[in-house]
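Written below as C-alpha cells is the structure these notes are about.
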2 protein chains.
Amino acid sequence: MSGLDPRSRTTPLAQTLVGLYRLSQGLQHRLRERAQAHGLSPAQAQALLFLKYARPGVRTIGGLAQRLGCAPATASEVADALERKGLIRRQPLPADQRVITLALTPAGAHKVNALEDLLDDLEAALATLPPTQQEALLQATQALVRVLQQAGHVVVYEMCWGCQFFRPNAHPNDPTAPHHCAFVDAPLPEPNTYLECPDFIPRSP
Amino acid sequence: MSGLDPRSRTTPLAQTLVGLYRLSQGLQHRLRERAQAHGLSPAQAQALLFLKYARPGVRTIGGLAQRLGCAPATASEVADALERKGLIRRQPLPADQRVITLALTPAGAHKVNALEDLLDDLEAALATLPPTQQEALLQATQALVRVLQQAGHVVVYEMCWGCQFFRPNAHPNDPTAPHHCAFVDAPLPEPNTYLECPDFIPRSP
DNA sequence: GACATTATTTCGTACTCCTAAATAATTATA
DNA sequence: TATAATTATTTAGGAGTACGAAATAATGTC
C-alpha cells in the first residue's frame with residue numbers, strides 16, 4: 001500500500017508522491033550547488049534572504065528558526081557562521097534585551113543581492129509547462145502547502161497585500177504609515193507592506 | 001525579477017516557485033521527523049528503502065550515492081552508520097572486488113518494513129485534491145522531474161514495466177528469466193522487473 | 001520579592017557533506 | 001606482459017546541520 005513501493009507506483013497518487021519527492025531532492029540539490037558558488041551553505045543562503053525580506057519584527061534568532069524549520073539552537077549556530085563571515089550583525093533589542101535582532105551588514109546586503117536568482121532556472125523550467133498545467137500546479141501546490149502549514153511542517157511568510165489583516169490607507173493623514181495591520185493592530189509604513197510576515201493569512205476568495 | 005522577492009510574488013510563476021520551495025521544505029521536515037521516530041536520520045531511512053527496492057546491480061556504495069544525490073564518500077559514511085546499527089551488511093562483489101555490495105540484515109529488513117509508510121500522510125493530502133488537480137499535478141511534476149533529471153539534479157529509479165528497454169516475455173522458454181532488458185542486453189528474472197533501476201527511460205506515448 | 005516564562009546560548013553527540021588523498025582492483029595500452 | 005590509466009571505495013580533515021538538555025539572563029506575574 002505504500003507509495004514508496006515501486007509496485008504501487010501504478011496509481012497516479014503514488015506517482016505524484018514520488019515525483020514530489022524527487023522534485024524536493026532536486027530543489028535541495030540545486031540550492032546547495034548555487035549557495036556553494038557563493039561560499040555559503042544552504043541554510044546560510046536562506047538566512048540571508050530571510051533577513052532581506054522578512055519584516056523587522058521577526059528578524060531574530062527565533063524568527064530565523066521558524067523560517068528554517070529548525071530549533072533555535074540551530075538558528076543560533078547559523079547566525080554564528082554568518083557573523084564570522086561578516087555578513088550579519090547581532091544586536092539586542094532595546095525594548096526587550098532577551099531578543100537578539102539580526103541585520104545584514106553592507107557585505108551581507110551585497111551578497112544577498114547576488115543570491116536572489118538562486119532558483120531562477122527552476123522558475124524557467126516552470127515557464128516551459130503549458131499554461132493550463134502552470135495554473136493547475138499553482139492551485140495544487142498552494143493546497144498542499146496549506147496542509148503542511150496546518151500540520152506545522154512549514155511556516156508561510158507573505159507580504160501584507162493579500163492578507164486578511166491588511167487595511168490599506170487606514171491612516172490617510174499619516175504619510176509615514178498610511179496602512180494598518182489588524183493582526184498586531186498597528187500602523188504600517190509603506191515599505192513594510194512589501195516585507196514578509198509569518199502572521200499572513202490569505203483573504204478568502 | 002527574482003521569484004524570491006516578495007514583490008514579484010504576484011506572478012503565478014513566482015508563486016508556484018515559492019510554493020514548491022515550501023513543499024520541499026515541508027517534505028524534508030516530515031521525512032526527518034518520521035525517520036527520527038525510528039531512530040534513523042533522513043539519509044539512513046532513504047538508504048534502507050533504496051536497498052529494499054533497487055535492483056541488485058545498483059545496491060552498492062556508488063548506487064547509494066547516486067540515489068541520495070551525494071558524493072561516494074558520504075554514501076560510505078551513511079553505510080557506516082547503518083552497519084554500526086546492524087541494519088545492513090557490506091560484502092565485496094566476487095566478480096569485481098572493488099565493488100562493495102550492500103544488503104539488508106534481517107533487522108534491517110524488519111526496520112524498513114516499518115518505514116514504508118514514511119510519506120503516507122502526504123499521499124493522503126494529495127488525495128484530498130480534486131481529481132482534475134491531481135491529474136494536472138502529476139503531469140506537471142513529471143515534466144519538472146525530467147528537467148531536473150536532465151540537469152543532473154536527480155537520478156530517477158523506476159521498475160522495468162514502462163521502460164523502453166523492457167522486452168516482456170522475450171525468453172518464453174526460460175521460466176527463471178522470461179523477460180529481457182535491452183539496455184544491458186540481459187535476461188531478467190521476474191522478481192527483478194519489480195525493482196528500481198536508474199537506467200529507466202520511459203516509453204514514448 | 002519569589003516564581004514562572006521567554007529568548008538565546010552553550011554543550012555534547014550524531015550526522016551530513018564536501019574535497020583531496022590513499023588504497024586496491026580492474027582494464028587498457030604499449 | 002609490464003606499465004599506465006581508470007574505477008570503486010575508504011580515510012582524513014573541515015565546515016555545517018540538527019537536536020535535546022542545561023545554563024543564562026531578562027521579563028512578566030502574583
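What you see below is based on every heavy atom in this structure, not just the backbone, and it leaves out hydrogens, waters and symmetry mates. Lettering follows sequence order; numbering is per chain, from 1. Please read all numbers here as calculations on a predicted model, not as lab measurements.
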Side-chain ion pair, B/Glu196 and A/Arg7, N-O less than 4.0 Å: no

Between B/Gln46 and A/Tyr21, do the side chains contain a donor N or O and an acceptor N or O under 3.5 Å apart? yes

The single option from B/Leu40, B/Leu118, B/Leu115 passing side chain to side chain contact (heavy atoms under 4.5 Å, CB included) against B/Arg34: B/Leu118

Give a yes-or-no answer on whether the side chains of B/Ser76 and B/Arg90 include a donor-acceptor pair shorter than 3.5 Å. yes

Can you sort out the partners of A/Phe50 under ring-ring contact (aromatic ring centres under 6.0 Å, His included), two or more places apart, ordered by chain and number? A/Tyr157

State whether B/Lys85 places a side-chain N or O below 4.0 Å from either non-bridging phosphate oxygen (OP1 or OP2) of C/dC15. yes

Taking atom types as modelled, find out whether A/Gln134 and B/Thr16 have a side-chain donor-acceptor pair closer than 3.5 angstrom. no

Indicate, with yes or no, if the rings of A/His180 and A/His171 have centres closer together than 6.0 Å. yes

Interface with DNA chain C, restricted to residues 57-83 of chain B and to heavy atoms under 4.0 Å: B/Cys70, B/Ala71, B/Ala73, B/Thr74, B/Glu77, B/Val78

Could you tell me whether the side chain of B/Thr141 and the main chain of A/Leu20 form a donor-acceptor pair under 3.5 Å? no

Among A/Leu93, A/Asp96, A/Ile61, which residue satisfies the side chain to side chain contact (heavy atoms under 4.5 Å, CB included) criterion with A/Thr101? A/Leu93

Might you confirm whether atom NE2 of B/His110 has over 12 heavy atoms from other residues, nucleotides or ligands at distances under 6.0 Å? no

Is there a residue in residues 21-45 of chain B whose heavy atoms reach under 4.0 Å of DNA chain C, and which residues are they? B/Ser41, B/Ala43, B/Gln44

Walking along DNA chain D from 5' to 3', note the first and the last nucleotide with an atom under 4.0 Å from a heavy atom of chain A, and give both. D/dG16 to D/dT27

With rounding to the nearest 0.5 Å, note down the distance linking SG in B/Cys160 to CG in B/Leu188. 5.0 Å

Can you run down the ring pair (Phe, Tyr, Trp, His ring centres under 6.0 Å) pairs that involve residues 22-47 of chain A, sequence neighbours left out, and say none if there aren't any? A/His29-B/His153

Which ones in residues 87-111 of chain A lie close to DNA chain C, meaning a heavy atom under 4.0 Å from one of its atoms? A/Arg90, A/Arg98, A/Val99, A/Ile100

